Chemist: 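Next up is a structure, given as structure tokens.
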Amino acid sequence: MPKKRANGRAGVDKIETGIPGFDFVAEGGLPAQRTTLVAGTAGSAKTVFAANFLAAGIARGEPGVFVTFEDSPDDLRRNMRGFDWDIAGWERDGKWAFVDVSQRADEEIAVVGEFDLGGLLSRIEHAVARIGARRVSIDSLNALFVRFPDRRLIRAELYRISSTLKRAGTTVVVTAERTEDYGAISLFGVEEFVADNVVILRNLLQDERRRRTLEVLKLRGAAHQRGEVPFTVMEREGIVVIPLTAQQLTQSSSTVRVTSGIQELDRMCHGGFFRDSIVLVSGATGTGKTLMVTQFLAGGFEAGERCLLFAFEESRDQLFRNAAAWGMDFEKAEKRGLLRVVNRYPHALPMEDHLVHMREILDEYRPNRVAVDSLSALERVFTLRSFREFVISLTSTLKRQTMTAMFTSTTPSLLGGGSVTEKHISTLTDSIVLLRYVELPGQIRRSISVLKMRGSPHDTDIRQYTIDSRGLHVGEPFSDVGGILGGHPMPVAGAGDSE
Amino acid sequence: MVPSRCHSLRGTAVQRQLGVRVGEIRFTLFVAGDTPRSHLAIANLRRLANGRLAGRCSMRVVDVQKDPELAEAERILTTPTLIKESPMPARRVTGDLSDLELVLFALSLSTDE
């Protein structure tokens with residue numbers, strides 16, 4: 001079974017859990033053959049995590065035992081069906097076994113004299129041996145402490161169980177409840193028993209939205225990312241952790257060029273965009289960003305590339321109509337499977353769900369080029385922090401596959417100046433194209449410029465452009481105006497037109 | 001797991017003729033391994049069976065380590081656990097059974113039953 005070693009760190013082997021994003025945050029996964037405590041307040045998805053740990057294991061050929069103190073096996077089978085986990089099926093195939101320690105209403109047991117958890121231990125050992133389990137989830141410890149007030153005894157017995165499971169070569173996840181999101185690790189001092197490896201799940205109310213976060217608090221003897229990262233619980237998926245780090249972002253490394261869809265722009269970029277680059281197109285409303293996206297997509301599917309558009313501003317029908325008006329046949333491309341348009345209301349879902357849906361589509365459709373029109377539409381409904389996390393995560397997802405991406409962003413003022421979006425994402429993109437209005441005595445003109453292009457020289461001119469019935473056309477540089485990008489265009493007296 | 005009959009020798013012949021007796025108290029004692037605590041519970045149960053409940057009960061001892069499937073079927077969490085299976089209602093007591101009066105009380109078995 002797969003067992004990955006932590007990258008050269010002090011000797012603790014880790015196993016990849018298989019929970020999306022988690023192994024990245026935990027830098028390899030959970031310590032193998034050790035117990036990790038997963039603590040969280042009520043409703044923080046601890047039970048889902050515990051079940052997910054086993055489900056992901058089964059997907060990798062590792063059977064698992066679920067020891068349940070709270071929910072009955074029937075309840076769990078039913079509750080987890082929404083994630084497409086066929087627990088009953090796995091039980092039949094000997095990949096999943098329940099040890100049912102849930103309390104039944106009719107069961108009362110009197111205590112006379114000293115006892116221990118020998119029964120539980122035997123049952124767990126037996127289940128592990130019977131199916132050859134590599135993973136065990138115990139959910140949750142609180143029920144145990146509530147039922148048996150002698151904490152010292154319970155802790156001693158938990159230690160015995162933990163040692164036994166370690167000898168059996170299994171990796172264990174134990175859940176525990178807390179009452180505070182930022183406070184003692186858990187009730188009942190459970191952490192004294194399993195203090196080495198702790199993961200905290202939180203479900204916070206922030207800016208009127210629920211925000212789930214996961215924090216790898218400690219993994220003894222092993223490295224991991226610090227701090228809270230967002231996660232979501234998705235239908236048909238389970239837990240999806242969204243790691244954030246610039247580490248994941250690799251710069252564009254391809255030297256292959258693809259068309260922007262606009263010939264003159266390709267020339268300004270000295271051949272077009274790099275195939276695996278991310279281009280930000282920034283401009284005020286009406287400057288033609290959506291048109292650029294339209295031409296970008298058309299340039300792609302006309303070259304036989306698969307193109308994907310996440311449209312948050314205009315409806316698919318509007319887009320198709322406008323494209324047709326400019327002479328680009330989106331209908332045909334869609335029918336040929338070279339174009340896919342995904343329309344969504346920005347406020348319909350929380351940030352994490354948008355992200356996961358987009359990733360699913362990217363994984364499934366595997367486009368050669370992607371456009372997001374516009375990031376600003378999402379920025380308006382996400383919190384600032386969420387938005388930045390979203391962009392980082394989306395960008396890193398795009399970088400994992402080779403595709404050309406275009407994001408549009410709306411500048412708040414008509415003449416120029418940066419937007420909040422840009423402040424946060426300009427460092428994450430490889431190329432930036434600016435579209436600006438230019439106010440001159442008695443007329444409004446438009447300018448286009450390539451501000452940066454990682455890995456390639458590019459035109460440094462600020463050129464005029466026009467939009468007509470055939471699309472966007474780039475013309476000559478502004479030789480008679482300065483201060484355009486700053487939003488304060490001024491005619492420059494006496495400048496010639498050769499530079 | 002050897003069942004042991006705990007009736008007095010004098011009544012054996014009569015009891016054999018009667019076969020299964022109505023009102024017989026049936027016990028199963030679950031223990032975990034060959035430990036002092038297991039022995040203590042077994043000894044305490046025997047005292048009860050040969051004393052106050054003489055001639056009225058049968059008992060068997062199950063080691064959860066040797067028969068974990070039965071432990072699973074009966075959902076045994078703590079050990080030792082004594083289950084009084086009959087007469088109804090079924091009752092459970094956990095612990096080394098060191099206070100016999102308390103055990104009887106917990107099992108709804110009073111002296112004049």
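This one's a predicted model, so the numbers in the text were calculated from it and none came from an experiment. Excluded from the calculations below are hydrogen atoms, water molecules and symmetry mates; all remaining heavy atoms, backbone and side chain alike, are included.
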Chemist: Look up atom CD in A:E114 and atom OG1 in B:T94, then write down how far apart they are to the nearest 0.5 Å.
Modeler: 11.0 Å
Chemist: Do the side chains of B:L77 and A:R147 get nearer than 4.5 Å, heavy atoms only?
Modeler: yes
Chemist: Chain A heavy atoms under 4.5 Å from B:T81: which part of the residue, side chain, backbone, both or neither?
Modeler: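 Only the side chain of B:T81 comes within 4.5 Å of chain A.
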Chemist: Tell me the closest heavy-atom pair linking A:F115 and B:P80, and the distance in Å.
Modeler: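 Closest approach of A:F115 to B:P80, heavy atoms only: CA-CD, 4.3 Å.
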Chemist: Measuring only between side-chain heavy atoms, which start at C-beta, is A:R123 closer than 4.5 Å to B:V64?
Modeler: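 Contact flag for A:R123/B:V64 side chains = no.
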Chemist: Calculate, to the nearest 0.5 Å, the distance between atoms OG and CD1 belonging to A:S122 and B:I76 respectively.
Modeler: 11.0 Å
Chemist: Counting distance only, does the side-chain N/O of B:R75 pair as donor-acceptor with the main-chain N or O of A:Q103 below 3.5 Å?
Modeler: no
Chemist: Given the options B:A90, B:G95, B:A32, B:G33, which has more heavy-atom pairs under 4.5 Å with chain A than any of the others?
Modeler: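 The residue among B:A90, B:G95, B:A32, B:G33 with the greatest pair count is B:G95.
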Chemist: Can you name the closest pair of heavy atoms from B:T79 and A:L117 and give their distance?
Modeler: OG1-C, 4.4 Å
